[in-house]
Number of protein chains: 2
Amino acid sequence: MGVLERVRAAPVPKHFGAKLPLDTIIRDDCIAAMSRLPDASVDMVFADPPYNLQLGGDLFRPEGGRVDAVDDDWDKFASLQTYDAFTVAWLGEARRILKPNGTLWVIGSYHNIFRVGAKLQDLGYWILNDIVWRKANPMPNFRGTRFTNAHETLIWASHSDTSRYTFNYRAMKTLNDELQMRSDWSLPICGGQERIKRGGSKAHPTQKPEALLYRVLLAATNPGDVVLDPFFGTGTTGAVAKRLGRHFIGIERDPGYVEVAEERIAAALPLDESGLRTMQSPKSQPKVAFGTLVETGMLPPGSTIFDSKRRWTATIGADGSLTANGTVGSIHKLGATLQNLPSCNGWTFWHFERDGAVKPIDALRQDYILATEP
Amino acid sequence: MGVLERVRAAPVPKHFGAKLPLDTIIRDDCIAAMSRLPDASVDMVFADPPYNLQLGGDLFRPEGGRVDAVDDDWDKFASLQTYDAFTVAWLGEARRILKPNGTLWVIGSYHNIFRVGAKLQDLGYWILNDIVWRKANPMPNFRGTRFTNAHETLIWASHSDTSRYTFNYRAMKTLNDELQMRSDWSLPICGGQERIKRGGSKAHPTQKPEALLYRVLLAATNPGDVVLDPFFGTGTTGAVAKRLGRHFIGIERDPGYVEVAEERIAAALPLDESGLRTMQSPKSQPKVAFGTLVETGMLPPGSTIFDSKRRWTATIGADGSLTANGTVGSIHKLGATLQNLPSCNGWTFWHFERDGAVKPIDALRQDYILATEP
DNA sequence: TACAGATATGAATCGATTT
DNA sequence: AAAATCGATTCATATCTGT
């Protein structure tokens, strides 16, 4: 039940046999290392495999800086077929090692997650949920060419469709202020003090936040369970497992990452109550944009709104823009421009009419929030 | 350009030839109907394919690839392969019909979206974003055995990786209160007045909200574009396309759904010009050369401009060239050279002073455009 | 010290047009 | 076809710098 206080890179025996190398990092290729682990021996596999991003040339920020992109060799694959073969290989070994009632978690982005999801279904895994990690602070789309890529996807799957898997429903509900935990999780990306640095720059290009692993392990393992992470990196899974009283087995090929992970896990302490609280996601009320009221037909495009004294009337555009006196802008900006003020709260400035009554458009926003809140 | 006021189910000719059956519903199997549409003829395909993996039909039984093992999984694997064959069939036809610069949207859940995503990558589509439709009011998980399934996933993909697709960046930014639109969209599920009923119960089990299609069509089509929906159902795509001044082609096998869709689209009101207007990106504004501002005396030759921090000052030449520190170049090139950057937007980099206020020279360009617009 | 302002950065499949 | 040129584009958070 106890988790080791110290962790060392394990030697590499031919077989681990029935004895699992608990709370150690195996420094080896993930498939080779997995092949030496016994059947049906771990309770969970958490995997953060390479995404195969296929990035092109450099990307520059509007102010001139260069984006420090993932250009590591471990993320490069010759083709989609090569990536698929790699995926089937590690997913297959993981399923063999997983207990019949164990579950698999994989995280990915649109570059790879569809391939991973299809292959794990092919192998007989049974998908329980797909989880959206909604990033509170993603990198913007600098070129204005697509939607801001603001989330990653996790797949949660059991060994098979008959598995009696662990799901700590009550813990999740408590964690979510007495509401059922949903399939979309809002969490910040890993930064600040938590982000590990070496020589002034990030130790790993894709370090995951501990809050993410915290929720995964709390939801789907029990204390004392064994979690295998075949793409251990700098050991987020190991650090959180130790904090939560779960065992881990890490596999990592890169000696530099292993070294960082060893130090990190050795320093990790079981969380006390105060620590737990800080790891929970801030309850961020989703903001309602004016455009949402337009999309949902509460204020249809082409209709008009006006200020309380009807000095100005504005026509609503399909994108939620306003036009008045030949000027176009958002509800806030146009209100400021017309009044010749530096700023203006459009929600209280603009009004609409329903059944003879004139109300600020903010009332519609309140209606929307009330109608859509759980 | 105009969208038909009335819509009828189209007869089923052998071929549509070069003439598209615009703003009609083809009452037929989706793949049969698609096979009669010409190559490279539509701007967008929006598809909400069946999620049910237990497709009984023998139409797409994988040939030859019999599964030898006789166990409980046989049915499951057979149905996965059947679903894949169906997916490849309709995705392939859709790609043939799509213009080279057209885009595909598919919506699905974890049951099918990974298979669809993998197959569309295999076929050469290029994924631009995966979009999470975060349901504001999802159905709870009554048994408490999983996370509340509170989202669905859309994939947005272009015909190929070299496509020059449509993305109305500015309209999306306006719609989202002047912040870049992200890849996660919070929208309510379809209910209330919008949910179509027949005989007291819902006319279609998975009717999508119009707000979802509204955002999709506003983001990735232009007025007058043609949208093909091969799984038309009760015609949400058609209703929104008509409202937004886009053309649609619907394909639906079920006569009951076709009937509902016909009535619904006939009742939909198209927006007039004022409602259709969206904020334009500077890209589509009339181009103004820097030299024009010099010629018109807004920035006379010999006067100086500088960056916001006044680290560099440049003198304007008679031809609109700039000179600073003995270097000559365009507003963009000199800005890049001085900062030692690969590129620079001179319009926002260089500033001028008027009445004590410092403004970017782009403000002058806006003044010029406003003054000279008809 | 406190606060304001400037700077740095995160899994990114992130042009278009003319010569 | 390749190269040069034109020109459009960023949000949230953490840390550093200067007053």
Side-chain angles (χ1 to χ4, degrees), chain A residues 48-72 74-77 80 83 107-113 133 135-153 186 188-195 197 200-202 204-209 231 233 282 284, chain B residues 121 125-130 156-158 160-165 167 169-170 173 176-183 281-285 287-291 308-309 320 329-333 335-336 342-350 362 365:
Chain A
D48 182 10
Y51 289 7
N52 189 23
L53 290 184
Q54 303 174 255
L55 300 178
D58 281 344
L59 176 65
F60 289 90
R61 302 164 185 271
E63 78 274 16
R66 184 179 151 278
V67 173
D68 183 16
V70 176
D71 58 355
D72 306 72
W74 51 252
D75 197 50
K76 293 186 175 22
F77 293 82
L80 290 178
Y83 188 80
I107 183 167
S109 66
Y110 66 84
H111 310 84
N112 71 323
I113 198 66
W133 168 28
K135 300 182 184 182
N137 48 348
M139 184 157 75
N141 183 297
F142 294 117
R143 303 300 295 264
T145 53
R146 303 181 178 189
F147 299 97
T148 303
N149 193 8
H151 74 277
E152 294 189 25
T153 302
S186 289
I189 59 176
C190 183
Q193 298 288 356
E194 187 185 333
R195 188 85 193 207
K197 305 245 169 143
S201 56
K202 51 193 177 192
H204 193 284
T206 69
Q207 185 183 341
K208 297 295 178 288
F231 307 97
S284 56
Chain B
Q121 286 181 307
Y125 287 99
W126 191 248
I127 299 181
L128 301 169
N129 279 115
D130 59 333
W156 180 36
S158 58
S160 64
D161 60 348
T162 53
S163 299
R164 293 165 56 178
Y165 54 90
F167 178 54
Y169 174 77
R170 202 66 196 73
K173 191 168 175 175
N176 195 38
D177 277 356
E178 291 303 312
L179 288 178
Q180 285 191 339
M181 188 70 81
R182 300 166 39 116
S183 57
S281 97
K283 228 180 271 182
S284 49
Q285 284 182 4
K287 209 166 101 178
V288 178
F290 179 69
S308 58
K309 293 169 198 160
S330 68
I331 55 170
H332 310 296
K333 185 143 188 196
S343 67
C344 167
N345 181 355
W347 290 107
T348 53
F349 177 71
W350 295 108
D362 195 48
R365 180 166 62 160

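Please read these numbers as outputs of a predicted model, since none were measured by experiment. Every chain is numbered from 1, with letters handed out A, B, ... down the list of sequences.
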Under the side-chain hydrogen bond (donor to acceptor under 3.5 Å, both in side chains) test, residues paired with [X] that sit two or more places apart:
X: N149(A); answer: none
X: S158(B); answer: none
X: S330(B); answer: none
X: W156(B); answer: T103(B)

Looking at every strand, decide which applies to [X] at a 4.0 Å heavy-atom threshold: base, sugar-phosphate, or nothing.
X: D75(A); answer: base
X: S330(B); answer: sugar-phosphate
X: I127(B); answer: base
X: P209(A); answer: nothing
X: Q180(B); answer: sugar-phosphate
X: C344(B); answer: base
X: T206(A); answer: base
X: Y169(B); answer: sugar-phosphate
X: D48(A); answer: base
X: G57(A); answer: base
X: K208(A); answer: base

Considering only atom [atom1], compute the distance from [N] to [M] and round it to an integer number of Å.
N: dA8(C); M: dT10(D); atom1: C1'; result: 13 Å
N: dA12(C); M: dT9(D); atom1: C1'; result: 14 Å
N: dC14(C); M: dA4(D); atom1: P; result: 23 Å

### Among dT9(D), dC14(C), dG10(C), the one nearest D68(A) by side-chain distance
dG10(C)
### Task
Quick one: the dot-bracket string of DNA chain C, using Watson-Crick and G-U wobble pairs with both distances under 3.5 Å, [ ] for crossing pairs and | for bases paired to another strand.
.|||||||||....|||||
### Task
Check whether any side-chain heavy atom of K202(A) sits under 4.5 Å from a side-chain heavy atom of Q207(A), and report yes or no.
no
What protein N or O atoms touch nucleotides 17-19 of chain C N or O atoms at under 3.5 angstrom, if any, and at what distances?
from    : atom 1 : to      : atom 2 : distance (Å)
dT17(C) : OP2    : R164(B) : NH2    : 2.4

Check the interface with nucleotides 13-15 of chain D: list each N/O to N/O pair with the protein under 3.5 Å, or write none.
none

What residues, two or more places apart in sequence or in another chain, satisfy side chain to side chain contact (heavy atoms under 4.5 Å, CB included) together with [X]?
X: Y51(A); answer: D48(A), L53(A), D75(A), I107(A), S109(A), N112(A), E152(A), K208(A)
X: Q121(B); answer: L80(A), R115(A), I127(B)
X: D72(A); answer: V70(A), W74(A), P205(A), Y257(A)

#### Entry: Residue-phosphate contact under 4.0 Å: R195(A) side-chain N/O, dA11(C) OP1/OP2
yes
### Query
With a 3.5 Å cut-off and just heavy-atom distances, do the side chain of R61(A) and the base of dG10(C) make a donor-acceptor pair?
yes
Review item, side-chain donor-acceptor pairs of residues 58-66 of chain A, under 3.5 Å, at least two apart:
from   : atom 1 : to     : atom 2 : distance (Å)
D58(A) : OD1    : R66(A) : NE     : 3.3
D58(A) : OD2    : R66(A) : NE     : 3.3

### Task
For each nucleotide in nucleotides 3-8 of chain C, reading 5' to 3', give B when a protein heavy atom comes within less than 4.0 Å of its base, S when such contact involves only the sugar-phosphate, and - otherwise.
----S-
## Note on the structure
Residue pair H332(B)/N141(A) against DNA chain D: nearer the 5' end by closest nucleotide is H332(B)
